[in-house]
**Q** 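There's a structure below that I have some questions on.
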Amino acid sequence: MRATLLGLIGAGAAAAGWAAADQPSKPLTEPGKAAVPLPPGDPSSAAAAGDVQLVERHIAARKEYENSLKSLHEHYTKVGDKQRLMWAERELMSYHLMWKPSYNLEVKDVPPATLEARVNVREANELYKTAMEYKGRGIGDEYVLNMRRAELLLREVIDKYPNSDKIGDVAYQLGDIYESRAYKQYDRAAKYFERSFQWVRGARTDARLRAALLYDRQLNERTKAVDLYRAVVEHDTNPDHIKQAEKRIGELTGRNK
């Protein structure tokens, strides 16, 4: 458990250059490794291909800004300057309340589909438990801050313990967070819902359906949505989910006419 709320909001960070770890304690972070290129034919390839270095610089600048505020906070705590300590706390709080999009999901954001949830790791379980104590709590700014705290802790699980048997649950909760009113980052949410069932074979959640609905209703990627709806029909065991998916497949493909 983290000692203070300030410590919690500063805990963890998204990792870049993910590769499946040999051991659950091996972090995914590989500083300096190039981002995974987008697949040929991806409609966003042309635009995204040219922004990798810019996004990496921007992420580094964000982190440097955050760390500089933490250093100020630590300094003013030590010297007992209450006024400047309050300023540092307020600015750090404002930084975490600020909406920060993922400009390129392939750059230090969404890990690959090849991770496997297979090892029970106590530290990962504790991080997940703490994250869920914050997720969805409070109203107004406190709600947003708690969702930020939950996000950072959940991403820390994936970064530090990529083989933990919790990563499927973590990905699902991240999808839920990114879809929430605190973020409304639907492309990010859809990807993490996909990772949820990709990392845990035979997962018994509505992650496929939720990803399909996001591609369908929010992202206007109907071909991707149909593929996922069909996967719901094939793999889901919930009759309501299957019925909903079949209905939407018919509407999107014209079979209901």
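Remember, it's a predicted structure, so these values are computed and weren't measured experimentally.
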**Q** Is Glu251 paired with Lys247 through a side-chain N to carboxylate O contact shorter than 4.0 Å?
**A** yes
**Q** May I ask you to check whether over 12 heavy atoms, not counting those of Lys100, lie within 6.0 Å of atom NZ?
**A**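 Buried by this count: over 12 neighbours within 6.0 Å.
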**Q** Find the distance between CG (Asp206) and CG (Asp240) and round it off to the nearest 0.5 Å.
**A** 11.5 Å
**Q** Identify the heavy atoms of Ala150 and Ala131 that sit nearest to each other, and give their distance.
**A**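 Closest pair (atom of Ala150, atom of Ala131, distance): CB-O, 3.5 Å.
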**Q** Regarding Glu74 and Lys78, does a basic nitrogen lie under 4.0 Å from an acidic carboxylate oxygen?
**A** yes
**Q** For the residue pair Arg188 and Tyr178, would you count it as a cation-pi contact if the rule is NZ or CZ under 6.0 angstrom from the ring centre and within 45 degrees of the ring axis?
**A**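 Flagged: Arg188 positioned over aromatic ring of Tyr178.
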**Q** Is the shortest side-chain N to carboxylate O distance from Arg149 to Glu142 below 4.0 Å?
**A**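 Between Glu142 and Arg149 there is a salt bridge, with a charged N closer than 4.0 Å to a carboxylate O.
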**Q** Starting at CG of Asn163, measure out to CG of Asn120 and round the result to the nearest 0.5 Å.
**A** 12.5 Å
**Q** For the residue pair Lys166 and Tyr161, establish whether any side-chain heavy-atom pair is separated by less than 4.5 Å.
**A** no
**Q** Return the OG1 to CD distance between Thr130 and Glu156, rounded to the nearest 0.5 Å.
**A**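 Answer rounded to 0.5 Å: 9.5 Å.
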**Q** Does Val107 reach the side chain of Ile59, with side-chain heavy atoms less than 4.5 Å apart?
**A**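 The answer is yes, as the side chains (C-beta and beyond) meet within the 4.5 Å cut-off.
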**Q** Looking at Glu179 and Ala189, what are the two nearest heavy atoms and their distance?
**A** N-CB, 3.7 Å
**Q** Are Asp216 and Lys224 within salt-bridge range, i.e. N to O under 4.0 Å?
**A** no
**Q** Heavy-atom count check: over 12 atoms from other residues, nucleotides or ligands less than 6.0 Å from Glu123 CD?
**A**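 Atom CD in Glu123 is packed in, count exceeds 12.
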**Q** For Ala212 versus Ala225, what's the shortest heavy-atom pair and its separation?
**A**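 Answer, listing the atom of Ala212 first, then Ala225: O-CB, 3.6 Å.
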**Q** Verify the neighbour count for atom CZ of Arg90: are there more than 12 heavy atoms of other residues, nucleotides or ligands below 6.0 Å?
**A**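 It does not: Arg90 CZ has 12 such atoms or fewer within range.
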**Q** Determine the interplanar angle of the Tyr95 and Tyr65 rings, folded into 0 to 90°, and report it as parallel if under 30°, tilted if 30 to 60°, perpendicular if over 60°.
**A** perpendicular
**Q** Do Glu151 and Tyr183 have side chains that approach each other closer than 4.5 Å (heavy atoms only, starting at C-beta)?
**A** yes
**Q** As a quick check of understanding, evaluate side chain to side chain contact (heavy atoms under 4.5 Å, CB included) for Trp199 and Ile158, giving each step before the final call.
**A** CA-CA 11 Å; Trp199 292 342; Ile158 300 174; 3.9 Å; yes
**Q** Mind checking whether Arg118 and Asp165 have side chains closer than 4.5 Å, heavy atoms only?
**A**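 The answer is no; the side chains never approach within 4.5 Å.
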**Q** Which distance, rounded to the nearest 0.5 Å, do you find between the CD1 of Ile167 and the CG of Leu115?
**A** 5.0 Å
**Q** Are more than 12 heavy atoms, taken from residues, nucleotides or ligands other than Arg62, located less than 6.0 Å from that residue's CZ atom?
**A**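 Above 12, so yes.
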**Q** Quick check: does any side chain N or O of Asp51 sit under 3.5 Å from a backbone N or O of Leu54, one acting as donor and the other as acceptor?
**A**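 No.
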**Q** Between Phe193 and Arg210, is there a cation-pi geometry (under 6.0 Å to ring centre, at most 45° from the normal)?
**A** no
**Q** Answer yes if Met132 and Leu174 sit in the same cluster of Ile, Leu, Val, Met, Phe, Trp and Tyr residues linked by side chain heavy atoms under 4.5 Å apart, and no otherwise.
**A**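 Hydrophobic grouping puts Met132 with Leu174.
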**Q** Could you tell me if the side chain of Arg137 sits less than 4.5 Å from the side chain of Tyr143, heavy atoms only?
**A**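 Side chain of Tyr143 against side chain of Arg137, heavy atoms only: no contact under 4.5 Å found.
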**Q** Give a yes or no on whether Leu252 and Val233 share a hydrophobic cluster (residues Ile, Leu, Val, Met, Phe, Trp, Tyr; joining criterion: side-chain heavy atoms under 4.5 Å apart).
**A** yes
**Q** Calculate, to the nearest 0.5 Å, the distance between atoms NE2 and CG belonging to His58 and Asn104 respectively.
**A** 12.5 Å
**Q** Tell me, with the steps shown, if Leu152 and His96 meet side chain to side chain contact (heavy atoms under 4.5 Å, CB included).
**A** CA-CA 11 Å; Leu152 291 171; His96 284 288; 4.2 Å; yes
**Q** To the nearest 0.5 Å, what is the distance between NE2 (His75) and CG (Asp81)?
**A** 7.5 Å
**Q** Taking the side chain as everything from C-beta on, heavy atoms only, tell me whether Thr205 gets closer than 4.5 Å to Phe197.
**A** no
**Q** Between the main-chain N or O of Ala182 and the side-chain N or O of Trp99, is there a donor-acceptor pair closer than 3.5 Å?
**A** no
**Q** Report yes or no: is the cationic atom of Arg148 (NZ for Lys, CZ for Arg) closer than 6.0 Å to the six-membered ring centre of Tyr134, at no more than 45° off its axis?
**A** no
**Q** Closest approach of Val200 and Gly168, non-hydrogen atoms and distance?
**A** CG2-CA, 3.5 Å
**Q** In plain terms, say whether Arg155 and Asp109 are close enough for a salt bridge, that is, a side-chain N and a carboxylate O under 4.0 Å apart.
**A**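 Salt bridge between Arg155 and Asp109, a charged N being under 4.0 Å from a carboxylate O: yes.
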**Q** How about His241 and Asp236: does a side-chain donor come under 3.5 Å of a side-chain acceptor?
**A**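 Per modelled atom types, His241 and Asp236 side chains form a pair under 3.5 Å.
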**Q** Considering non-hydrogen atoms only, spot the tightest contact between Gly138 and Asn146 and give its length.
**A**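 Heavy atoms only, the tightest pair is N-ND2, 4.3 Å.
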**Q** Just so I know, are the side chains of Val110 and Glu106 near enough to count as touching, which here means a heavy-atom distance under 4.5 Å?
**A**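 Sidechains of Glu106 and Val110: no contact.
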**Q** Can Tyr172 be reached from Leu209 by stepping across I, L, V, M, F, W or Y side chains whose heavy atoms are under 4.5 Å apart?
**A** no
**Q** Taking side chain to side chain contact (heavy atoms under 4.5 Å, CB included) as the criterion, tell me which of Asp169, Leu153, Val121 meets it with Tyr128.
**A**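 Answer to the side chain to side chain contact (heavy atoms under 4.5 Å, CB included) test with Tyr128 among Asp169, Leu153, Val121: Asp169.
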**Q** Please report the closest heavy-atom contact between Pro101 and Gln185, naming both atoms and the distance.
**A**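 For Pro101 versus Gln185, the nearest heavy atoms are CA-NE2, 3.6 Å.
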**Q** Do Val79 and Leu72 share a hydrophobic cluster, counting only Ile, Leu, Val, Met, Phe, Trp and Tyr and linking them when any side-chain heavy atoms are less than 4.5 Å apart?
**A** yes
**Q** Evaluate the criterion salt bridge (Lys or Arg N to Asp or Glu O under 4.0 Å) for residue pair Lys129 and Glu126; output intermediate values, then yes/no.
**A** CA-CA 5 Å; Lys129 179 181 177 182; Glu126 287 298 315; 5.2 Å; no
**Q** Same cluster or not: Leu154 versus Leu105, using hydrophobic residues (I, L, V, M, F, W, Y) connected whenever any side-chain heavy atoms lie under 4.5 Å apart?
**A**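 Looking at the clustering, Leu105 is in the same group as Leu154.
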**Q** Hey, does Tyr192 have a side-chain heavy atom less than 4.5 Å from the side chain of Pro111?
**A**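 Pro111 reaches Tyr192 side chain to side chain.
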